[in-house]
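Working notes, beginning with the structure itself.
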Amino acid sequence: MVSIHYIGHSAFALDSGNRQVMIDPFITGNPVSIAKPADFAPQTILITHAHNDHVGDTVEIAKRTGAKVIATFELAEFLGASGVQNATGGNHGGTIAFDGGSTKFVPAWHTSSYEVDGQFVAPGVPAGHVVRFGGKTIYFAGDTCLFGDMQLIGDEELDVAVVPIGDHFTMGPNDACRAVGFLRPKVVIPCHYNTFPPIRQDAAAFKTMVERQTPAKCLVLAPGERASLD
Ligand code: NI
Ligand code: MN
């Protein structure tokens with residue numbers, strides 16, 4: 001039994017029993033979020049890459065809750081130096097256990113850096129996460145283009161694939177629909193759109209395209225909306 005809460009942009013929270021996992025918790029400064037960082041008390045935070053619209057409120061939430069923060073190695077080191085007590089670095093192909101589940105790092109084609117006062121820090125590479133939690137397998141693509149090895153990620157037998165559709169910084173709707181064909185999830189959830197002007201997209205049109213061209217069901221969530229994945 002697991003539920004998914006779309007905070008907005010690429011920020012999500014998964015809940016199962018009394019366990020909570022956050023993914024890319026960008027809340028403060030997120031133009032579409034109606035939540036506040038204090039609304040969440042995760043045991044685990046998963047980060048896809050260092051861009052500020054993904055790291056978001058990670059340090060503040062982790063300092064308050066003691067959450068284990070899982071990211072690629074260089075970013076985990078940076079977050080550790082920024083005051084996160086329990087930052088665990090992994091890398092592509094590796095699986096890391098957390099309270100109630102695990103995540104496997106998979107590739108993502110993008111860049112990764114954290115900006116502080118106009119300086120880009122926290123080098124490293126981006127990743128996607130294949131999360132096993134609450135009896136479900138949920139893939140968070142992070143920011144990425146379409147790539148052929150998504151077919152291998154599809155071999156993980158995904159219940160849900162969370163994919164960016166915004167274009168400009170990531171794949172757009174047409175490539176995201178091709179990604180769904182490679183990933184073969186039961187359900188696809190679009191994200192990383194309508195947050196800022198360059199990534200405006202029509203999610204209803206994406207849903208129609210996905211459900212016409214693939215067997216997957218497309219679940220469009222509004223920021224602040226929760227859905228049960230059972
Ligand atoms: Ni990014
Ligand atoms: Mn992004």
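Whatever order the structure lists them in is the order used to number ligands and atoms, beginning at 1.
- Between the Mn ion (ligand 2) and the N, O or S atoms of Asp143, the shortest distance is to OD2.
- Taking 2.8 Å as the threshold, His51 counts as a candidate ligand of the Ni ion (ligand 1), since one of its N, O or S atoms lies below it.
- Between Phe169 and His110, the ring centre distance reaches or exceeds 6.0 Å.
- Taking backbone and side-chain atoms together, Asp53 has no N/O/S atom less than 2.8 Å away from the Ni ion (ligand 1).
- Between the NE2 atom of His110 and the NE2 atom of His49, the angle taken at the Ni ion (ligand 1) works out to 100° after rounding to 10°.
- Remark: Gln85 CD is loosely packed, at most 12 non-hydrogen atoms of other residues, nucleotides or ligands lying under 6.0 Å away.
- Within the 2.8 Å limit, His192 places at least one N, O or S atom next to the Mn ion (ligand 2).
- When the Mn ion (ligand 2) is compared with the N/O/S atoms of Asp53, atom OD2 turns out nearest.
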### Query
What's the verdict on ring pair (Phe, Tyr, Trp, His ring centres under 6.0 Å) for His5 and Phe12, showing C-alpha distance, side-chain angles and the deciding distance?
CA-CA 6 Å; His5 174 180; Phe12 288 86; 8.9 Å; no
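- Take the N/O/S atoms of Asp143: the one nearest the Ni ion (ligand 1) is OD2.
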### Task
Any chance you could lay out the side-chain contact (heavy atoms from CB on, under 4.5 Å) test for Thr103 and Phe140, step after step, and finish with the verdict?
CA-CA 10 Å; Thr103 187; Phe140 291 89; over 6 Å; no
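- At a cut-off of 2.8 Å, His54 is counted among the residues with an N, O or S atom near the Mn ion (ligand 2).
- Aromatic ring pairs are classed by plane angle as parallel below 30°, tilted from 30° to 60° and perpendicular above 60°; the pair Tyr114 and Phe78 is tilted.
- The side-chain heavy atoms of His192 and Ile199, taken from C-beta on, include a pair separated by under 4.5 Å.
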